[in-house]
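Before any comments, here is the structure.
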Amino acid sequence: MEKQKKVITKIKYDSGKATPRGTKPDDEWCTQMHDIVKELSQYGYDGKFRGKTIICPCDWDILEDEEVYSLCVEFDEDLHAHTNAVSVTYDSVNKIDGKMNFHRVDKVGIEEFLRKRTKCNFLKTLIQNANDWGIKSVSVSGYNPATGKGKKFQDIDYSQYDICITNPPFSGYRKGEFIQTLLKAKINFIILSPFLNRANPCVGLPLYLKQCYLGYGRKMRMNFHSPTLANNYNEKLVACDWLTTFNDAQNEIDKKRLRTGIKFEEYRDDYPIMENMTMKDETNPIRVNNFLAVPDDYFGWMFCSIGILDVLSNEEFEWYCGKF
């Protein structure tokens, strides 16, 4: 029994868990480190973050005796320490008296504070790679819907930052509020979104208008998790996309072009005409059941699943979502 307790304690500590389930809505979970590193490194080593100020909204952490609602880490690219961090400040609410307090970490204790007390995987990834990626500063701003404390993403002054990187609550996509907030602020971003939101105007329309693009990670089976004894070590698999204002990943798709080797006339019977759907030129599209079956020589409208965006060249095809 004693050994089992030690294992449970280790799982709780090492899980990357930021907050217990129940204090946040179910759509806010901890994004795993490897999924974040795999995507952000594509831009970090390409120089996108050099000299930039980064904001990670929609996050907050529970530490041993307080809840942290904002944190700023500033870096000096001339230093060559582990993180090259030179300044750390944060706001927190004391869990005993409920008061908000401002803290400035002593320079001597910065390394230990960042190593032991930062829980957000986005923040940890950016801190650990700040030296190689040349990041100027990283800020976190969060809001706890259970208590109403902290700062909502709608209230952040995005003009103070260069890039927004986060996993927002997926409920924020239902009416497009989150992504529209970023687009109106005209800030570059790299964020997560549910895969099925490609068919939702809040995501599909900005993609269609080229206000943003799909990132490198597409339709990932992301494992959002909060494995604790309290929730029976449950994990939640969700298909997700990375959405970004950087068009690097889409440019790679555009160069490849879509070629399947299929000739339409030879397989005409496999492409039923959607007579109940009329396009803007008053023609009816053909139905393509799998995006791997797009005929190379058909130049009319085609009805296909949203998975087509994984291989669709924006330079070669015109597309739109039927809900627009």
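All values reported here derive from a predicted model rather than from experimental measurement. Quick note: residue numbers are just sequence positions, from 1.
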Take atom CZ of F317 as the centre, draw a 6.0 Å sphere, and report whether it contains more than 12 heavy atoms from other residues, nucleotides or ligands. yes

Donor-acceptor pair, side chain of T53 and main chain of D162, under 3.5 angstrom: yes

E74 side chain reached by S137 side chain, heavy atoms, under 4.5 Å: yes

Single-linkage hydrophobic cluster L40~M220, side-chain heavy atoms < 4.5 angstrom: yes

Salt bridge (Lys or Arg N to Asp or Glu O under 4.0 Å) pairs, two or more places apart, involving residues 270-281: K280-E318

So that I know where these two stand, are W242 and Y216 an aromatic pair - ring centroids less than 6.0 Å apart? no

Using a distance-only test with no angle check, is there a side-chain donor-acceptor pair under 3.5 angstrom linking D254 and Q250? yes

For residues I286 and P272, determine if any side-chain heavy atom of one lies less than 4.5 Å from a side-chain heavy atom of the other. no

Residues at least two apart in sequence or cross-chain that pass ring-ring contact (aromatic ring centres under 6.0 Å, His included) with F291, listed by chain then number, are none

Determine whether F246 and K48 make a side-chain contact, defined as any pair of heavy atoms from C-beta on separated by less than 4.5 Å. yes

With a 4.5 Å cut-off on side-chain heavy atoms, are S313 and K256 touching? no

Partner residues of R287 under the salt bridge (charged side-chain N to carboxylate O under 4.0 Å, His left out) criterion, sequence neighbours left out: none

Does a sphere of radius 6.0 Å around CD1 in I273 hold more than 12 heavy atoms from other residues, nucleotides or ligands, not counting ones at 6.0 Å or beyond? no

According to the interplanar angle, ranging from 0 to 90°, do the rings of Y298 and F264 count as parallel (below 30°), tilted (30 to 60°) or perpendicular (above 60°)? tilted

Does any part of the side chain of N129, heavy atoms only, come nearer than 4.5 Å to the side chain of Y45, both counted from C-beta? yes

Can you tell if the side chain of I262 reaches within under 4.5 Å of the side chain of V294, non-hydrogen atoms only? no

Does one side chain, of H103 or S92, offer a donor that lies under 3.5 Å from an acceptor on the other? yes

Go through the structure and list residues passing salt bridge (charged side-chain N to carboxylate O under 4.0 Å, His left out) with R257, not counting sequence neighbours. E315

Test of understanding: with side-chain hydrogen bond (donor to acceptor under 3.5 Å, both in side chains), list the residues that count as partners of N251, not counting sequence neighbours. N247

If we ignore hydrogens and angles and just use 3.5 Å, is the side chain of Y43 paired with the main-chain N or O of I190 as donor and acceptor? no

Got a sec, which hydrophobics cluster with V37, joining ILVMFWY side chains under 4.5 Å apart, including via others? M33

Tell me whether L209 is reachable from L312 by hopping between hydrophobic residues (I, L, V, M, F, W, Y) whose side-chain heavy atoms are closer than 4.5 Å. yes

For the student: nearest non-hydrogen atoms of P285 and F303, plus distance: CB-N, 4.0 Å

Verify whether one side chain among S193 and D241 offers a donor that lies under 3.5 Å from an acceptor in the other. no

With a 4.5 Å heavy-atom cut-off, do D310 and R198 have their side chains touching? yes

Does E112 come within less than 4.0 Å of R115, counting only side-chain N to carboxylate O? no

From CD1 (I191) to SG (C240), nearest 0.5 Å: 11.5 Å

Check the surroundings of atom CZ in R104: do more than 12 heavy atoms from other residues, nucleotides or ligands lie under 6.0 Å from it? no

Do F178 and F153 make the cut of ring centroids closer than 6.0 angstrom? yes

